Q: 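Okay, here's the structure, questions in a sec.
Here the structure is a predicted model, which means the values were calculated and not measured. Start at 1 with the first residue, then count along the sequence.
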Amino acid sequence: MKAVVFEGKSRMRVADENKPEAMGSKDAVLRVTTSAICGSDLHMYEGRTALPAGQMVGHEIMGVIERVGDAVTSIRPGDRVVLPFNIACGYCYNCHRGYTNMCLTMNEEGPHAAYGYAGMGPYRGGQAEYVLVPNADFNCLKIPGQPFDQWEDDFILLADVFPTGYFGAELAHVGPGKSVAIFGAGPVGLMAALSSRIKGASEVYVVDFIPERLEKVKELGATPINARDGDPVEQIVTLRANIPGLQGRLRPGEKDKLKGVDCVIDAVGYQARDDKDYAHEKSTQVLDNMVRIVNPAGHIGIVGVYIAPDPGAPTAQAKQGVFALPMAELFDKAVSVGMGQCPVKRYNEYLRDLIITGHARPGRIVSHHIRIDQAPEAYKKFDQRTDGYTKVLIQFPGARAA
């Protein structure tokens, strides 16, 4: 079978790999129809994580079940499914509590597991024609329809970015009437904007500096903030000050203390760019901006990735994942902060049904559909943020007739 493998820094290649044959009684083999390239895949592509050469990559996967183990009871060959990027057992202490992002049994290296990702266990990636699915009853989300129908682009985003964006909104306590600032208009930031609208936010501002992504922000009904136009925090403060009625609703003493927003989401992570020089990284730029823009008693949700060790970080401390934060201001404002990988299974059933009933169309952010042989070039362009590469789907048309 054809699969995308990591060859070294800035090098992906398409290789011939063995189709998964051996499987446990609780596992399944999935014939992949669509697999997405994720911004997190770029961490490996850029050499910022310790991934062995030859590792198959890809953790956003959907397709049709080809065969199942003897103990699989709820999933059958021919079922169309999408896989949470978290691989979970379903029975450990954390899985019982809904924290499938922190499964304790599926990875000897740490409390989390995923397909084709550095440090996330021995599992092969799904940017391939076939993938082995551990614990298929638990880890498969059944979806209706046929491969490459009107839902294909929407359903693949249930593997990661739609639930992750929604999780960011949950961590930030987004709700009806709330004001929201999102840093990063990549796929997760865009899904956080969509999720904030779904959850009833009255104002949603999304900060980025790439024109194509800012256009997507407008398409989703949010307000784009181009960081190249100046301090994004000040831009949001100015916009809010000029919204008719917002100032008139405030009581004496509130005006100067509620210039910011109720909810803030970090959808960028450790590779944030310096607001004063976008050619360079400043790992804490988004963290600093979030503390400035959040209102007293507000909430921050961090779903942008922070990793260690990071050999490409600009400072010695950042290489170890250690950052200076304005803790006194966070404490003084009584801000709550939530963070981490998304427990996809907590949300994917409900988000699936929003798609089916027409209340959400996350697939609108998809910018490119490619064949697997085009993946190495797509990684390059996605990494460079060129040619409008926002969300790239690798599709396997041969699966249609299989």
Side-chain angles (χ1 to χ4, degrees), residues 36 38-39 150 153-154 156-157 160-169 172 174-246 260-268 272-273 275 278 285-286 289-290 293 301 303-304 351 354-355 358-369 381-382 384-393:
C38 180
Q150 75 274 20
D153 289 5
D154 296 313
I156 183 59
L157 300 189
D160 183 350
V161 295
F162 192 11
T164 296
Y166 194 88
F167 183 52
V174 177
K178 295 287 188 71
S179 54
V180 184
I182 300 166
F183 288 88
V188 169
L190 292 171
M191 290 297 94
L194 174 62
S195 299
S196 295
R197 300 295 290 171
I198 289 170
K199 291 169 73 67
S202 59
E203 306 163 58
V204 181
Y205 304 94
V206 186
V207 179
D208 209 296
F209 62 95
I210 298 172
E212 294 89 348
R213 293 183 171 186
L214 293 169
E215 283 298 317
K216 292 286 186 182
V217 170
K218 285 197 289 187
E219 290 177 21
L220 294 173
T223 301
I225 303 294
N226 190 335
R228 293 188 187 275
D229 293 340
D231 184 339
V233 170
E234 290 301 322
Q235 289 190 62
I236 295 171
V237 168
T238 299
L239 285 172
R240 297 201 75 235
N242 290 319
I243 295 176
L246 276 186
V261 297
D262 306 310
C263 315
V264 192
I265 300 170
D266 174 0
V268 178
R273 297 286 173 170
D275 283 346
Y278 278 87
Q285 183 66 77
V286 167
N289 286 344
M290 289 197 300
I293 194 63
V303 288
L351 299 179
L354 284 175
I355 292 169
H359 288 86
R361 291 186 51 233
R364 286 185 291 173
I365 74 167
V366 171
S367 59
H368 292 76
H369 301 82
K381 290 186 175 182
F382 186 32
Q384 295 172 344
R385 277 67 168 174
T386 59
D387 296 343
Y389 273 65
T390 300
K391 189 61 179 175
V392 184
L393 306 186

Q: For the residue pair Tyr278 and Phe209, does the interplanar ring angle fall in the parallel (under 30°), tilted (30 to 60°) or perpendicular (over 60°) class?
A: tilted
Q: Is any side-chain heavy atom of Val217 closer than 4.5 Å to one of Ile182?
A: no
Q: Do Ile365 and Leu194 touch side chain to side chain, with heavy atoms closer than 4.5 Å?
A: no
Q: Using a cut-off of 6.0 Å, state whether more than 12 heavy atoms not belonging to Arg364 lie near its atom CZ.
A: yes
Q: Answer yes or no: is there a donor N or O on one side and an acceptor on the other, between the side chain of Ser179 and the main chain of Asp262, under 3.5 Å?
A: yes
Q: Kindly give the heavy-atom pair with the smallest separation between Gly177 and Ser202, and that separation in Å.
A: O-OG, 2.9 Å
Q: Considering all heavy atoms of both residues, which atom of Ile265 and which atom of Ser196 are nearest to each other, and what is their separation?
A: CD1-OG, 4.2 Å
Q: Side-chain contact, heavy-atom cut-off 4.5 Å: Leu354 with Leu351?
A: yes
Q: Kindly indicate whether the side chain of Ile293, heavy atoms from C-beta on, has any atom under 4.5 Å from the side chain of Val237.
A: yes
Q: Does any N or O in the side chain of Asn242 come within less than 3.5 Å of the main-chain N or O of Thr238, such that one atom is a donor and the other an acceptor?
A: yes
Q: Can you check whether Tyr205 reaches Arg240 side chain to side chain, under 4.5 Å on heavy atoms?
A: yes
Q: Would you say that Val174 contacts Ser195 through its side chain, given a criterion of any heavy-atom pair below 4.5 Å between the two side chains?
A: no
Q: Treating Gln235 as the side-chain partner and Asn226 as the backbone partner, does any N or O pair qualify as donor plus acceptor under 3.5 Å?
A: yes
Q: Taking C-beta and beyond as the side chain, do Lys199 and Tyr166 meet within less than 4.5 Å on heavy atoms?
A: yes
Q: Do Asp266 side-chain atoms and Val268 backbone N/O form a donor-acceptor pair below 3.5 Å?
A: yes
Q: Under a 3.5 Å distance rule, please check whether Gln285 uses its side chain to pair with a backbone N or O of Ala272 as donor and acceptor.
A: no
Q: Show the numbers, then the answer: is there a side-chain contact (heavy atoms from CB on, under 4.5 Å) between Arg213 and Arg385?
A: CA-CA 10 Å; Arg213 293 183 171 186; Arg385 277 67 168 174; 3.9 Å; yes
Q: Kindly indicate whether the side chain of Val206, heavy atoms from C-beta on, has any atom under 4.5 Å from the side chain of Leu220.
A: no
